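Report on the structure given below.
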Amino acid sequence: MRALPRSFYARDTVRVARELLGKIVRHGETSGRIVETEAYLGEGDLAAHSARGVTPRTRVIFGPPGHAYVYLSYGMHCCLNLIAEPEGSAGGVLIRALEPLDGIETMRRRRGMSDVASLASGPGKLTEALGITLRENGADVTRGPIVVCDGGARGVEIGVSARIGITKSADLPLRFFVKGSEFISRR
DNA sequence: AGTTCGATCGCCT
DNA sequence: GGCGATCGAACTG
């Protein structure tokens, strides 16, 4: 399966967040279909790490599209974002949940649990299931080791809501999910 | 140099 | 539904 081209990411962040639903994320032998995303915008989005401009941490968010921004949340979970917008403009899509596809036994071992619907139903869970850590920060997802490709999913119904677990800019409808999926983090 | 505060999860009740 | 775990970035003085 071929990686999505960089041009897919070099667009409006909300559009990229919506269209990432149904796409497949692969890391090594493990992969999953994206069923939940959130858009984090540039200027004016106080919930985004990029809200206060370029710093050593947020450098990746302002960099070229099609790269991974991985950060540590609450000192224990890594979260995966895919960078959107042309270089120099901030925008990222937080991957919040995956439907596990390949390497389910590996995911079970990494997660220490067996229920498939819970293996990757949260941003910290899916990075643990796929073995994604801070080492992958800045990786080019059109090349690897993390690769995103077209899953052939068409015409799924998309649900929209406010983003989860944030306090600033909390009311914006920037969370997107596959309606009815049993693999999302919450309904 | 010290402090504060998270784009969370799982376990407990 | 509440809380503790645990680390790095950014802000303060």
Side-chain angles (χ1 to χ4, degrees), chain A residues 9 12-18 20-21 25 27 30 32 34-63 65 67-85 89-100 107-139 141 146 148 158-178 181-187:
Chain A
Y9 301 95
D12 172 69
T13 306
V14 169
R15 187 148 175 207
V16 175
R18 294 182 72 103
L20 276 171
L21 293 176
V25 182
H27 185 233
T30 55
I34 298 172
V35 293
E36 182 178 344
T37 63
E38 281 178 0
Y40 285 86
L41 313 180
E43 278 181 46
D45 183 0
L46 283 313
H49 290 172
S50 54
R52 273 181 258 196
V54 182
T55 67
R57 179 170 66 145
T58 62
R59 170 180 58 83
V60 176
I61 307 175
F62 290 87
H67 287 251
Y69 167 54
V70 184
Y71 70 94
L72 187 64
S73 175
Y74 291 90
M76 34 183 65
H77 312 285
C78 292
C79 295
L80 170 67
N81 298 254
L82 302 178
I83 298 309
E85 306 280 347
S89 175
V93 177
L94 173 66
I95 309 302
R96 282 195 57 92
L98 300 177
E99 172 187 347
M107 297 192 205
R108 284 185 166 134
R109 175 165 43 76
R110 287 173 176 157
R111 296 271 297 117
M113 51 106 70
S114 60
D115 175 31
V116 177
S118 305
L119 282 179
S121 57
K125 299 179 185 181
L126 70 91
T127 54
E128 183 171 47
L130 266 59
I132 293 170
T133 67
L134 292 179
R135 280 197 310 277
E136 277 70 55
N137 186 38
V141 300
I146 301 170
V148 182
I158 298 179
V160 182
S161 79
R163 294 172 292 184
I164 292 174
I166 57 170
T167 53
K168 304 166 201 158
S169 298
D171 297 328
L172 305 175
L174 294 177
R175 170 176 176 252
F176 307 99
F177 54 95
V178 175
S181 170
E182 59 177 312
F183 301 100
I184 60 182
S185 66
R186 61 160 95 165
R187 291 146 209 270

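In the text below, chain A, chain B and the rest are named by the order of the sequence lines, each starting its count at 1. In this text, all values refer to a predicted model and were calculated from it rather than measured experimentally.
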Which nucleotide wins on minimum distance to the side chain of [X], given the candidates [options]?
| X | options | value |
| --- | --- | --- |
| Pro123(A) | dT6(C), dA10(C), dC9(B) | dC9(B) |
| Thr58(A) | dT8(B), dA10(C), dG10(B) | dA10(C) |
| Arg52(A) | dC11(C), dT6(C), dG6(B) | dC11(C) |

How many Å lie between [atom1] on [X] and [atom2] on [N], as a whole number?
| X | N | atom1 | atom2 | answer |
| --- | --- | --- | --- | --- |
| Asn137(A) | dA9(C) | CG | C1' | 13 Å |
| Arg57(A) | dC11(C) | CZ | P | 10 Å |
| Tyr69(A) | dG8(C) | OH | P | 13 Å |
| Tyr71(A) | dA10(C) | OH | C1' | 16 Å |
| His49(A) | dC11(C) | NE2 | P | 13 Å |
| Leu126(A) | dT8(B) | CG | C1' | 12 Å |
| Leu41(A) | dA7(B) | CG | P | 15 Å |
| Leu46(A) | dC5(B) | CG | P | 16 Å |

(request) Step by step, work out the salt bridge (Lys or Arg N to Asp or Glu O under 4.0 Å) result for Glu38(A) and Arg96(A). (result) CA-CA 7 Å; Glu38(A) 281 178 0; Arg96(A) 282 195 57 92; 3.8 Å; yes
(message) Just verifying a value: how many Å separate Leu130(A) CG and Cys78(A) SG, rounded to the nearest 0.5 Å?
(response)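 Leu130(A) CG to Cys78(A) SG: 12.5 Å, rounded to 0.5 Å.
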(message) Would the base of dA5(C) count as contacting Tyr74(A) through its side chain, where contact means a donor and an acceptor less than 3.5 Å apart?
(response) no
(message) Rounding to an integer number of angstrom, what distance separates dC12(B) and dT6(C) when you compare their P atoms?
(response) 15 Å
(request) Under a 3.5 Å limit for both distances, which nucleotide forms a Watson-Crick or G-U wobble pair with dA7(B), could you say? (result)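 Paired with dA7(B), as far as the under-3.5 Å criterion goes, is no nucleotide at all.
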(message) Closer than 3.5 angstrom, by distance alone: can the side chain of Arg57(A) be matched with the main-chain N or O of Tyr71(A) as a donor-acceptor pair?
(response)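 Judged by distance alone, no pair lies under 3.5 Å.
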(request) Check for a donor-acceptor pair, side chain of Glu85(A) on one end and backbone N or O of Thr13(A) on the other, with a separation under 3.5 Å. (result) yes
(message) Just to be sure I understand the rule, does Ile166(A) reach a base, reach only the sugar-phosphate, or reach nothing, if contact means heavy atoms closer than 4.0 Å?
(response) sugar-phosphate
(request) Would you mind telling me which residue lines up with the more 5' stretch of DNA chain C, Leu72(A) or Gly53(A), judged by nearest nucleotide? (result) Leu72(A)
(request) Between His77(A) and Leu134(A), name the one whose nearest nucleotide on DNA chain C is closer to the 5' end. (result)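 Result of the comparison: His77(A).
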(message) Side-chain N or O of Lys168(A) versus OP1/OP2 of dA7(B): is the shortest distance under 4.0 Å?
(response)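 Answer no for this pair, as no side-chain N or O of Lys168(A) is under 4.0 Å from OP1 or OP2.
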(message) Using OP1 and OP2 only, check whether a side-chain N or O of Arg175(A) sits under 4.0 Å from dA7(B).
(response)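 For dA7(B), OP1/OP2 do not have a side-chain N/O of Arg175(A) under 4.0 Å.
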(request) Taking the six-membered ring of Tyr69(A) (Phe, Tyr or Trp), confirm whether the NZ or CZ of Arg59(A) is under 6.0 Å from its centre and within 45° of its axis. (result) no
